[in-house]
There are 4 protein chains.
Amino acid sequence: MILDAAVRVFARDGFHTSRVGDVAVEAGVAHGLLYHYFSSKDELLTTIFRETWDSLLRALREVETSREPAPEQLRKVCAIVLRTWKREPDLVRVLVREVARSPQLGREVNEIAEAFAAIERLVERGQARGELRAGPEPRLAAVIVYGALEEILTGWVLGQLPDGDEDVALAEEAVVGVICSGLAAVPVQTTLSA
Amino acid sequence: MILDAAVRVFARDGFHTSRVGDVAVEAGVAHGLLYHYFSSKDELLTTIFRETWDSLLRALREVETSREPAPEQLRKVCAIVLRTWKREPDLVRVLVREVARSPQLGREVNEIAEAFAAIERLVERGQARGELRAGPEPRLAAVIVYGALEEILTGWVLGQLPDGDEDVALAEEAVVGVICSGLAAVPVQTTLSA
Amino acid sequence: MILDAAVRVFARDGFHTSRVGDVAVEAGVAHGLLYHYFSSKDELLTTIFRETWDSLLRALREVETSREPAPEQLRKVCAIVLRTWKREPDLVRVLVREVARSPQLGREVNEIAEAFAAIERLVERGQARGELRAGPEPRLAAVIVYGALEEILTGWVLGQLPDGDEDVALAEEAVVGVICSGLAAVPVQTTLSA
Amino acid sequence: MILDAAVRVFARDGFHTSRVGDVAVEAGVAHGLLYHYFSSKDELLTTIFRETWDSLLRALREVETSREPAPEQLRKVCAIVLRTWKREPDLVRVLVREVARSPQLGREVNEIAEAFAAIERLVERGQARGELRAGPEPRLAAVIVYGALEEILTGWVLGQLPDGDEDVALAEEAVVGVICSGLAAVPVQTTLSA
DNA sequence: AATGAATGAGTTTTCATTCAT
DNA sequence: TATGAATGAAAACTCATTCAT
């Protein structure tokens with residue numbers, strides 16, 4: 001299928017660097033055919049993003065609306081994001097490298113913001129319920145969680161982190177551990193004095 | 001200077017979208033002159049990256065070799081990275097948007113790995129000295145810290161996070177707080193049971 | 001056809017002087033189309049050379065494997081080479097002016113060596129059979145024959161030798177005459193005494 | 001010296017392919033300096049040609065006006081041309097590859113024509129005196145001699161012919177032998193019957 | 001649906017040449 | 001003499017996109 005081919009090619013070469021012809025070759029069709037299904041190269045990327053992000057968002061919202069305690073919800077969020085890697089590595093590659101920080105993809109940013117917002121609400125509610133420490137801004141906390149997850153994915157994408165099944169479980173645990181319990185051996189004074 | 005002009009132009013228009021001629025105009029020179037100093041458009045980006053990263057690395061190493069306790073070192077690392085935004089916003093824009101997803105320039109470049117390694121060593125030593133909690137893998141902890149910082153920078157670059165002076169201080173505090181003390185209100189069981 | 005257009009343009013303007021666009025105009029297509037069929041301007045020249053040379057080689061081999069006496073074979077070789085001028089003057093122009101002195105395309109190309117080798121074998125066999133004088137090294141004899149032919153073609157290309165039909169026949173006869181019978185009125189002592 | 005450097009560079013890379021900067025580097029001077037001595041890249045080539053060709057022409061004329069028999073004169077011509085290779089290989093390379101058949105060098109062609117003319121007169125006189133066989137057109141004979149010599153030089157330039165001291169002597173002998181006595185074992189009928 | 005030849009605007013890159021110093 | 005920064009015309013080449021078949 002053409003979209004799958006596009007995902008593979010964009011994952012391998014990067015969106016800007018890869019040519020429409022490369023996608024066609026990978027898909028085993030003439031490049032003219034792409035234009036029956038997609039109006040432009042950009043639409044390929046947009047479509048990949050949209051078809052994928054929705055299902056991620058749905059999963060996040062499901063977690064968000066569950067009755068579980070916030071730390072457990074956070075754990076689930078990490079699991080959802082990180083486990084995608086094993087199932088769809090190329091997709092993750094593209095989402096992480098091309099879509100997430102491409103300014104020209106404009107409105108899609110809104111949908112990414114949705115993911116942030118879901119995590120943000122989750123943190124907010126956790127703090128309100130006393131399940132999470134009240135200090136950190138929910139928004140920033142969400143950004144930190146997202147960044148940590150994305151960076152681990154990037155490490156896998158670039159082959160700089162081991163990604164065996166146990167490694168994935170380990171990473172999940174590490175993120176949850178660090179984000180929830182912190183790295184400090186003893187409670188630290190977190191007010192910046194510099 | 002040509003490199004500065006390149007940073008401004010790439011920050012404004014994106015690397016792929018901007019033309020060599022634009023950089024020349026911004027620098028106030030003929031485009032041919034660029035090729036006296038840089039062998040290609042790509043080399044412009046590479047050079048921007050390397051010159052910046054070198055100074056970042058030097059700063060990280062300085063922190064690493066200081067005698068301060070690990071949590072304080074972590075705080076300094078966060079400060080160094082995040083404060084770059086105010087000093088050199090265009091540079092950060094370019095690094096976040098272009099370098100992070102350039103396949104060829106990619107992270108394979110040793111220099112990025114160096115930054116990870118520095119943080120990793122910092123965590124390792126902190127754990128050895130009992131200043132940091134021993135659970136999380138140093139490598140993963142480093143990735144998480146780096147990801148959190150990069151994502152905050154990304155939020156600023158994309159205008160999705162407020163970046164007033166107080167916001168920057170707040171972000172610093174939040175990262176240190178989350179990374180060091182965790183989000184949890186009470187110590188949590190971090191062993192994954194899924 | 002694009003290659004024919006290229007031959008005409010290169011013959012008219014010289015390879016280095018003519019632009020890819022000129023070839024496209026001559027062929028009546030957009031210049032971009034050239035790059036569907038040839039990866040570069042150089043490949044145009046290379047292809048012209050190879051396609052031509054192949055047919056020349058085939059002709060030479062046919063002569064070589066004929067049962068005729070070597071002098072007759074030599075005569076045929078001369079005829080083949082020299083008569084190309086009348087049939088395909090532009091092609092000869094390009095080969096003489098561009099290929100013969102292109103460093104990269106150079107003679108290193110096996111194909112040219114093949115032509116020499118064919119003549120060399122022809123001479124060798126002729127000497128073995130007693131049809132040709134045994135003195136001269138076959139290799140050198142081949143070089144001399146080839147050089148004489150190429151120089152006559154060059155004379156025609158540069159307009160320094162008359163090339164009417166009778167002139168061509170005359171040239172053929174002259175080469176065969178000189179090469180086979182020599183210029184000397186009486187047998188000369190050929191051992192160099194300097 | 002700049003001209004020597006130019007000869008080396010043109011010999012190595014070809015005139016069109018080599019850049020003025022290459023010549024400057026080879027000469028160990030700034031490329032701007034070239035323009036104090038030569039008004040253009042073309043003038044470099046022209047100058048090389050002129051400074052060299054004159055001495056060749058003088059040598060040829062000296063042979064021509066000697067009282068020796070024509071075969072001996074021919075032998076001397078061959079010696080002059082071929083022995084240049086050992087003394088000035090790069091120069092020969094340039095003359096053979098770039099100058100000899102470059103149409104744009106326009107008027108210099110006249111000077112090349114002089115060389116042909118000298119050999120032509122030599123042959124003519126030889127035939128008139130009965131020292132050379134009367135059949136072949138003097139003009140064509142000159143072209144053949146010149147072509148044979150050039151091709152041998154080319155063989156040396158391209159490393160396809162051995163060029164040890166004995167090889168050079170052998171080549172000289174071969175050219176003289178073939179040109180004067182012919183390749184034929186027995187006198188052949190040279191009238192073309194095809 | 002499918003092909004792939006054809007287009008051409010848009011870019012990077014090259015390099016001879018100039019000129020202030 | 002000598003330098004090398006600076007110029008800019010000129011070219012090669014790319015590639016998304018169109019369209020006849």
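The chains referred to below are lettered A, B, ... by the order of the sequence lines, with proteins before strands, and numbering in each begins at 1. Everything numeric here is computed off the predicted structure, so don't read it as measured data.
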Val92(B) side chain near Trp156(B) side chain, heavy-atom distance below 4.5 Å
no
Distance in angstrom units between Met1(A) CE and dA1(E) P, rounded
12 Å
Tell me the interatomic distance from Phe15(D), atom CZ, to dC15(E), atom C1', rounded to whole angstroms.
13 Å
Heavy-atom side-chain contact between Asp54(A) and Glu111(A) under 4.5 Å
yes
Of Leu34(B) and Ser18(A), whose closest DNA chain F nucleotide lies nearer the 5' terminus?
Leu34(B)
Under 30°, 30 to 60°, or over 60°: which ring-plane class applies to Phe10(C) and Phe15(C), parallel, tilted or perpendicular?
perpendicular
From C-beta outward on Arg19(C), which listed nucleotide comes closest to its side chain: dT7(F), dA11(F), dT3(E)?
dA11(F)
Are Arg93(D) and Trp85(D) close enough that some pair of their side-chain heavy atoms sits under 4.5 Å apart?
yes
Could you write out DNA chain F as a dot-bracket string, with dots for unpaired bases, | for bases paired across to another strand, and Watson-Crick or G-U pairs counted at under 3.5 Å?
.||||||||||||||||||||
Applying ring-ring contact (aromatic ring centres under 6.0 Å, His included), name anything that partners Phe38(A), two or more places apart in sequence or on another chain.
none
Are the side chains of Val20(A) and Leu44(A) in contact, using a 4.5 Å heavy-atom criterion?
no
Report the distance from atom CD1 of Ile48(C) to atom CD of Glu98(C), rounding to the nearest 0.5 Å.
9.5 Å
Measure from CD1 on Ile2(D) to P on dA2(F) and round the result to the nearest Å.
8 Å
Got Asp90(A) and Asp4(A) here, is their nearest side-chain heavy-atom distance under 4.5 Å?
no
Rounded to whole angstrom units, what separation is found between the NE2 atom of His16(C) and the C1' atom of dA16(E)?
15 Å
Can you name the atoms? Protein N/O to nucleotides 17-20 of chain F N/O, anything below 3.5 Å, with the distance.
from: dT17(F); atom 1: OP2; to: Tyr35(A); atom 2: OH; distance (Å): 3.1
from: dT17(F); atom 1: OP2; to: Lys41(A); atom 2: N; distance (Å): 3.1
from: dT17(F); atom 1: O4; to: His31(A); atom 2: NE2; distance (Å): 3.1

Tyr37(D) near the nucleic acid: base, sugar-phosphate alone, or nothing, with a heavy-atom cut-off under 4.0 Å?
sugar-phosphate
